[in-house]
Visitor: 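Have a look at this one.
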Amino acid sequence: VKYSAPDYFQDEATGNTGSFGAYFRPDADLKLGVAARFTRTDSPYAIAPTATTDYQSNTEDTRNVDLTLDWRSTAQTNVNARLSWTRLTSYPLDERDTSGLSGVVTANYAPTAKLTFNASASYQPGTYTSFFSSSGSTPGAPVSNLAASSETTTSYSLGAGYAATKFGSK
């Protein structure tokens with residue numbers, strides 16, 4: 001990601017990702033899967049300068065092993081789930097290193113062709129954020145504080161939809 005606005009250059013990053021997986025269908029209504037995902041993100045301006053250093057880059061490698069489930073209990077109802085083991089390593093900001101389980105479950109119900117209901121829940125541990133603050137309000141002042149925090153994200157959503165279409169001849 002490259003930003004044209006100069007205020008956001010510290011957020012610039014490049015990344016590569018790859019994955020492979022396989023699934024097994026024990027019957028017509030159930031599909032089970034396993035996959036591996038790999039991501040590398042390079043952030044050239046991740047570490048702000050200090051009085052003695054210039055901007056420094058950071059590289060994050062993320063490795064995931066995913067178990068997936070797709071179950072269609074009826075023609076109107078299905079459930080999808082993913083459980084992942086994640087390992088993130090970061091260099092040189094190794095305080096961001098983390099590992100753990102994450103997952104998401106989504107259920108859909110479509111009683112008619114036009115009406116749908118859905119619900120989902122997700123859990124994502126170990127999202128890290130760096131905070132930079134400069135000494136005073138002087139532009140170009142050296143960074144005086146660098147911190148990282150652990151944040152766990154849990155989210156839930158409910159939704160409904162109605163598709164109104166009109167068929168007719170002109």
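The analysis underlying the following values was restricted to heavy atoms, covering all of them including side chains, and did not include hydrogens, waters or symmetry mates.
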Visitor: Apply side chain to side chain donor-acceptor pair (under 3.5 Å) to S120 and list each qualifying residue two or more places apart in sequence or on a separate chain.
Guide: S157
Visitor: What residues form a side chain to side chain contact (heavy atoms under 4.5 Å, CB included) with Y55, not counting sequence neighbours?
Guide: F9, Q10, Y45, A48, P49
Visitor: For S73, check side chain to side chain donor-acceptor pair (under 3.5 Å) against everything at least two apart and list the hits.
Guide: none
Visitor: Using the side chain to side chain donor-acceptor pair (under 3.5 Å) criterion, which residues pair with T89? Sequence neighbours excluded.
Guide: none
Visitor: Could you check whether atom CG of N16 has more than 12 heavy atoms from other residues, nucleotides or ligands sitting under 6.0 Å from it?
Guide: no
Visitor: S57 versus D42: any side-chain heavy-atom pair under 4.5 Å?
Guide: no
Visitor: Please report, to 0.1 Å, the donor-acceptor pairs under 3.5 Å made by any side chain of residues 100-112, with sequence neighbours excluded.
Guide:
from	atom 1	to	atom 2	distance (Å)
N108	ND2	N78	OD1	3.3
T112	OG1	K114	N	3.2
T112	OG1	L115	N	3.0

Visitor: If we only count heavy atoms from C-beta on, is the T74 to D29 side-chain gap below 4.5 Å?
Guide: no
Visitor: Just verifying a value: how many Å separate D27 CG and W71 CH2, rounded to the nearest 0.5 Å?
Guide: 10.5 Å
Visitor: State which residues pass side chain to side chain donor-acceptor pair (under 3.5 Å) with N118; sequence neighbours excluded, sorted by chain then number.
Guide: none
Visitor: List the atom of A13, the atom of S43, and the distance in Å for their closest heavy-atom pair.
Guide: CB-OG, 3.8 Å
Visitor: Minimum heavy-atom separation for P92 to N58, with atom names?
Guide: N-OD1, 3.1 Å
Visitor: Could you list the residues that satisfy side chain to side chain contact (heavy atoms under 4.5 Å, CB included) with R37, not counting sequence neighbours?
Guide: S19, N64, D66, R82, S84
Visitor: Quick one: name the residues clustered hydrophobically with L67, using the 4.5 Å side-chain heavy-atom rule over I, L, V, M, F, W, Y, and just say none if it's on its own.
Guide: V34
Visitor: Apart from Y91 itself, which Ile, Leu, Val, Met, Phe, Trp or Tyr residues share its cluster (side-chain heavy atoms under 4.5 Å, direct or through members)?
Guide: none
Visitor: Got a second to check how far D94's CG is from E60's CD, nearest 0.5 Å?
Guide: 11.5 Å
Visitor: Name all residues meeting the side chain to side chain contact (heavy atoms under 4.5 Å, CB included) criterion together with T154; count only those two or more places apart in sequence or in a different chain, and write none if there are none.
Guide: Y123, T152, Y156
Visitor: Distance from Y23 atom OH to L30 atom CG, nearest 0.5 Å?
Guide: 12.5 Å
Visitor: Considering residues at least two apart in sequence or located in another chain, which fulfil the side chain to side chain contact (heavy atoms under 4.5 Å, CB included) criterion with F20?
Guide: A36, F38
Visitor: Can you sort out the partners of D61 under salt bridge (Lys or Arg N to Asp or Glu O under 4.0 Å), two or more places apart, ordered by chain and number?
Guide: R40
